[in-house]
Amino acid sequence: MKNLELNIENVFPFIPKETLDGYDELTNYHIRHLHQRTGKGANFLGWLDLPSSITSESLGELEDLSSELSKKIEIMVVVGIGGSYLGAKSVIDALSHSFGMCINGNRKSPRVIFAGQNISEDYLGELVDFLDDKSYAVTVISKSGTTTEPAIAFRILRNHLETKYGQEEAGRRIIAITSANRGALRKLSDERGYRSFVIPDDVGGRYSLLTPVGLLPIAQAGFDIRQLVAGARSMEEMTKPGTPFWENPSAIYAAARNALYRQSPKTEILASYHPKLLYLAEWWKQLYGESEGKEKKGIFPASVNFTADLHSMGQYIQEGQRNLFETVISIMDPERNVVIPEEDDDGDGLNYIAGKRIDYVNKMAELGTMLAHVDGGVPNILISMPRLNEFYLGQLMYFFEKACAVSGYLMNVNPFDQPGVEAYKNNMFALLRKPGFEEETNLIYKRLET
């Protein structure tokens, strides 16, 4: 079976290969510290060996619940924010039919939709309208149960479920994914008898794809979580300690982006030529932005979807400030085969590509853009996925996670905390006059008065 491939040939015009050779010992040093749990943030490294430690029984439990619920619901609402929804949404969007048609052949799976990722009154109001005549269940994901955005959404949806079905049946339609023995959601789950799964204490949200946080919604959507885990397991093996540097894609990627960062580029653009990868890019942006962006350090993660964004962002990438580099995800073999027809009058001038697959045209756009951007001074990293399926998504996402951890260590930051996220929360709580924030409330209102 083929594996994900990493190509950094278009980094070498900007960074000598010898510079990357110099990262051999350093990246292996950090990978050893990761696996020995001796680096920064060592208490949040439970994700590291998840692929190889997930049991068939635990996957079967998730599959059985998904199968049970599929018989009685049309919609599964997943309530969470950040890593509690982005991993699942990125996989589900990548694998789903673009126009919402039946997936996985004749198998009927509920539609998975998301809430709690914003505080939009219109979004929640329209969601309740949508659910009024639907049979649905709710999966709520939160370690604490008190994170504002998902807590509001869950309270509204819980009240809607209880009004619609009664408290007993509503309880059978709520699944909680939370801490094992602490927090408001754990307490509520135990009191009301919700079925529940555990978020390991040593796994942070943005690294939680291969816990029930990601696996249950993906299974509920009808996709093969065993293949997702198998792909991640193969990448875990490919990036294990002792792997030679030039054979370890996560080490190479971490080193290449760090070498570019030290030279000048401070922005990385993740580009793809497949619209189904839009939310994969959103997941990637959280992973790298939240992991590296601290202590006035870090590469700013941005994303584009080509070729659409070549007609909007393409000009800046080509000729704007030379403070960026580009990482491209390329899908080698699409699922469909659509050929451009020939027409006698050739009114649109396309007969020169008649008989070609649309993917051939897309690949030539990809190659042409890469050449133009490199010529324009933009280093390019290419990630090739053989196909867009569960196995290769598992490979890709574990590859990014491992590389992110190594990259954070190369920047000498803790890639597993997010202290800056608390700043907006504290201000919001003060403005809302939350109990316990009286001093902050007084200070912030005095500041606003001036």
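A salt bridge between Arg173 and Glu169 is present, with a side-chain N of the basic residue lying under 4.0 Å from a carboxylate O of the acidic one. Salt-bridge check for Asp24 with Lys17: failed, with every basic side-chain N at 4.0 Å or more from each acidic carboxylate O. Between Arg192 and Glu162, at least one side-chain N (NZ, or NE/NH1/NH2) sits under 4.0 Å from a carboxylate O, which counts as a salt bridge. For Asp201 and Arg182, the salt-bridge test passes: some basic side-chain N is under 4.0 Å from an acidic carboxylate O. Using a cutoff of 4.0 Å between basic side-chain nitrogens and carboxylate oxygens, Glu61 and Arg195 are not scored as salt-bridged. Under 4.0 Å is where a charged nitrogen must lie from a carboxylate oxygen, and between Glu292 and Lys297 no such pair does. Checked for salt-bridge contact, Lys240 and Glu237 meet the test: a charged N lies under 4.0 Å from a carboxylate O. Salt-bridge formation is not detected for the pair Lys402/Glu236: no Lys NZ or Arg NE/NH1/NH2 atom is positioned less than 4.0 Å from an Asp or Glu carboxylate oxygen.
Within 6.0 Å of the NZ atom in Lys187, the count of heavy atoms belonging to other residues, nucleotides or ligands does not exceed 12.
Thr239 is not listed as a side-chain neighbour of Phe399, based on a closest heavy-atom distance of 4.5 Å or more.
Side-chain atoms of Lys266 come within 3.5 Å of backbone atoms of Ser264 as a donor-acceptor pair (strictly under, hydrogens ignored). No donor-acceptor distance shorter than 3.5 angstrom exists from the side chain of Asn7 to the backbone of Ile383, with no hydrogens or angles considered. Not a single donor-acceptor pair under 3.5 Å links the side chain of Arg206 to the backbone N or O of Gln286. With hydrogens and angles ignored, the 3.5 Å screen pairs no side-chain donor or acceptor of Asp309 with any backbone N or O of Ser312.
The minimum heavy-atom distance linking Ala256 with Ile381 is given by the pair CB-CD1, 4.2 Å. Pairing each heavy atom of Ala255 with each of Thr27, the nearest pair is CB-CG2, 4.2 Å.
Legend: salt bridge (Lys or Arg N to Asp or Glu O under 4.0 Å) pairs involving residues 79-98, not counting sequence neighbours, sorted by first then second residue: Lys89-Asp93. Pairs of residues two or more places apart, or lying in two chains, that qualify as ring-ring contact (aromatic ring centres under 6.0 Å, His included) and include a residue from residues 54-93 are Tyr85-Phe114.
Taking the six-membered ring wherever Trp is involved, the centroid distance between the rings of Tyr136 and His160 falls below 6.0 Å. Ring centroids of Tyr288 and Trp284 are separated by less than 6.0 Å, placing the two rings close together. Separation of the Phe245 and Tyr23 ring centroids does not fall under the 6.0 Å cut-off.
Aromatic ring orientation, Trp47 versus Phe416: tilted (interplanar angle from 30° to 60°).
Within the cation-pi definition used here (under 6.0 Å to the ring centroid, within 45° of the axis), Arg257 qualifies as a partner of Tyr253.
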Asn159 vs Arg155, side chain to side chain donor-acceptor pair (under 3.5 Å): CA-CA, chis, key distance, verdict | CA-CA 6 Å; Asn159 287 341; Arg155 177 180 285 200; over 6 Å; no
Might you work through the ring-ring contact (aromatic ring centres under 6.0 Å, His included) test for Tyr29 and Tyr409, ending with a clear yes or no?
-> CA-CA 10 Å; Tyr29 168 84; Tyr409 281 175; 8.9 Å; no
Ser70 and Ser67: CA distance, side-chain angles, deciding distance, side chain to side chain donor-acceptor pair (under 3.5 Å) verdict = CA-CA 5 Å; Ser70 294; Ser67 178; over 6 Å; no
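One side chain, Ser330 or Glu366, offers a donor N or O that lies under 3.5 Å from an acceptor on the other.
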Which donor-acceptor pairs under 3.5 Å do the side chains of residues 146-154 make with protein atoms, sequence neighbours left out?
unit_1 : atom_1 : unit_2 : atom_2 : d
Thr146 : OG1    : Ser144 : OG     : 3.2
Glu149 : OE2    : Tyr424 : OH     : 2.8

